[in-house]
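Heavy atoms only: backbone and side chains are in, while hydrogens, waters and symmetry mates are out. Letters A, B, ... are given to chains in the order of the sequence lines, protein chains preceding strands, and every chain is numbered from 1.
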Protein chains: 2
Amino acid sequence: MGPGKVRLSDVAAVAGVSLSTASKALNGSTRISGATRERVREAALRLDFRPDALAQSFASGRSRTVGVLTHRALSTFAQPVLIGAVLLLGERDQATLVYDGDVGVSRRLGHSVRELQARRIDGLLVIGDGHERVTASLTHHFGVPVSYAFTASDDPDDVVFLPDNELVGRMAAEHLVERGRRRIAHLTGPGTSIAVRLRESGFREVLAGAGLEPVGPVLRSGWGRDWGTQAMDRLLDSGTRVDAVFCGNDHIALGALEACTRRGVAVPDDIALIGVDNWEGVVVDQNTRQITTLDLQLEELGRRAAASLVDERPEPGQHRLAPTLVVGPST
Amino acid sequence: MGPGKVRLSDVAAVAGVSLSTASKALNGSTRISGATRERVREAALRLDFRPDALAQSFASGRSRTVGVLTHRALSTFAQPVLIGAVLLLGERDQATLVYDGDVGVSRRLGHSVRELQARRIDGLLVIGDGHERVTASLTHHFGVPVSYAFTASDDPDDVVFLPDNELVGRMAAEHLVERGRRRIAHLTGPGTSIAVRLRESGFREVLAGAGLEPVGPVLRSGWGRDWGTQAMDRLLDSGTRVDAVFCGNDHIALGALEACTRRGVAVPDDIALIGVDNWEGVVVDQNTRQITTLDLQLEELGRRAAASLVDERPEPGQHRLAPTLVVGPST
DNA sequence: CTGAAAGCGCTTACAG
DNA sequence: CTGAAAGCGCTTACAG
């Protein structure tokens, strides 16, 4: 259906202007008389002109495609980052070329980098797998903007987006302190984890500001529900008086909740629990919404990182995204 | 760094052939003498020639970009489908242009369709939000292959990929029957749901084949954990003897587990529980792996649907993907 | 502000 | 099997 493909030259002819003028009228913010612009626009509208994106890209050198490099086997946490990036890029009419592979392994990487260069991507987003690893900077391989999401880069001049894990700790502490809790313990993941250390540091900072410190020893080990149960039992067995626990993630918080329930400790009346991740089902979709959590806003992280490539280019350095407090109704 | 951009004409010159011959030697499966092909390849390698993808696309009309239309606000379930699609397409060196919007609402859709056409996409993938809704076919808007994932289309000639929900029911029943369970109940989601009906139908079919039928009334209502607890309580209160329960999803199964635990019913010794979704944390990462589940393989669904656009084109009609059984160790 | 012209770097009938 | 030539449909200095 239709009179064949409409080209810009057809629009120009109908509008009674040259090809180059038509082009500028439609795209360029160049000096063009308002009247001419209107005439060209009308003609384009009337003819239902749609510029051939392939030709535009070829002529302009802009591919309207952003490359994305992800770390092999996208984790639960990295997935929303990629989703956010892909959706934002779509909103900007940018396609996404995703290569998955171990960003630390140069073999696969070499192929991906070459392909992305050949594609003349307009920008590159490197998505890592959390705060734990540092990605070797790839920025110098590309003549286009490169940003890093959910991983640090080893070049301080890179544009990096990370969840603000220190703020996570501060917000957890503030939430509990504001609600009158004073004897706050901390059960968390392995002490080798950067996220664990940052969260703990923010947590201690706010406590100190309120003239407090963590009650009992900070227990650091795993990220699983089992560990949460075990740690909570240990804490309560020790006889430490506790009125709140900051759990390093929601799995730990659920494990702690289980221990409390088993021992007849009321949550949150006797002990308030706060976790991290907004793990689906922890807060939503349960009567037993006894846990408050902090959402790392990972999809938004992906959106911001992608936007940094196609919208205004931000300052070099680490950009930290604030988490969101998701309050269990009874807390 | 380097002697400027290497073009195909440079390769041709070095190899001592014409531009067109060089092009065919590198891409075409056309009749080219082995010797010539080798010479051209060597030259390309030596010069580190990388074809300009923009020029290739423009000349060939193939954009190496696949369009993806997703239903507004990607759900937890639709996300892995998109991830799978994007990753597979990357493996095929295909970029992805994702437009999110209500596929049923023509306003936004119109813009997306026009943009995708202008981009001269090589194929289109429509990702829906599960078995419940039927998407109006968009196939006729495009001259390129269109596939549908995680939604039905209203045109029987469309290529559609769905989880095999009937098989979900059959596999759940088979698993329980094979393990000697005979008094099997079914607690599930709303009776209006297509997925609920298909799962129940497969479930009943296998039971019937074993000379059985569901024990007690099939309880249909919500998808949440609360409902699972409530339904399990109702079932046990009724005095019905039960040795297994097929739960419509993992949330329901977890709710049922809670009810059992509270009442001192041993799972899986007294009552085996099987759910659906392989919801993170249900089976993995807990000592209390008391629940078996069926994984809908949604990422694989996305991969298959994407592959149907860029690899071999499958038959029209619905293609159903088998779930995977994820057995809790003690079941 | 407008237009003529070159050029982006390949692919692909077509003729030989 | 190989090559000369046209052409893909825009953008962008450049000159006017």
Closest approach of A/Leu167 and A/Pro323, non-hydrogen atoms and distance?
CD2-CD, 3.8 Å

Should A/Ser23 be listed as having a side-chain N or O under 4.0 Å from OP1 or OP2 of D/dT12?
no

Across nucleotides 4-9 of chain D, 5' to 3', mark each nucleotide with B, S or - according to how protein heavy atoms within less than 4.0 Å reach it.
B---BB

Set of residues satisfying side-chain hydrogen bond (donor to acceptor under 3.5 Å, both in side chains) with respect to A/Arg303, sequence neighbours excluded:
A/Glu91

Taking 4.0 Å as the cut-off, does a side-chain nitrogen or oxygen of A/Arg62 come that near to OP1 or OP2 on D/dT12?
yes

Check side-chain hydrogen bond (donor to acceptor under 3.5 Å, both in side chains) between B/Glu299 and all other residues, then give those that pass, not counting sequence neighbours.
none

Any sub-3.5 Å donor-acceptor pair from B/Arg320's side-chain atoms to B/Leu162's backbone N or O?
no

Can you find a side chain N or O atom of A/Thr36 that sits less than 4.0 Å from OP1 or OP2 on C/dT2?
yes

Measure CZ/A/Arg119 against P/C/dC10 and give the value in whole Å, please.
15 Å

Residues pairing under salt bridge (charged side-chain N to carboxylate O under 4.0 Å, His left out) where one sits in residues 44-59 of chain A, two or more places apart or in two chains, turn out to be A/Lys5-A/Asp52, A/Asp48-A/Arg50, A/Asp48-B/Arg114, A/Asp52-B/Arg120

Name the nucleic acid region contacted by A/Ser57, choosing base, sugar-phosphate or nothing; use a 4.0 angstrom heavy-atom cut-off, strictly under.
nothing

In whole Å, what is the span from the CG atom of B/Leu26 to the P atom of C/dC10?
10 Å

DNA chain C base-pair string [pairs: Watson-Crick or G-U under 3.5 Å; |: paired with another strand]
|||.||||||||.|||

Checking A/Val40 against A/Leu26 for the side chain to side chain contact (heavy atoms under 4.5 Å, CB included) test, could you report, in this order, the C-alpha distance in whole Å, the side-chain angles of both residues, the deciding distance, and whether it holds?
CA-CA 7 Å; A/Val40 174; A/Leu26 257 25; 3.6 Å; yes

Give every residue pair that meets the salt bridge (charged side-chain N to carboxylate O under 4.0 Å, His left out) criterion with at least one member in residues 305-317 of chain B, sequence neighbours excluded.
B/Arg92-B/Asp311

Between A/Asp129, A/Thr151, A/Asp155, which is the residue that forms a side chain to side chain donor-acceptor pair (under 3.5 Å) with A/Thr135?
A/Thr151

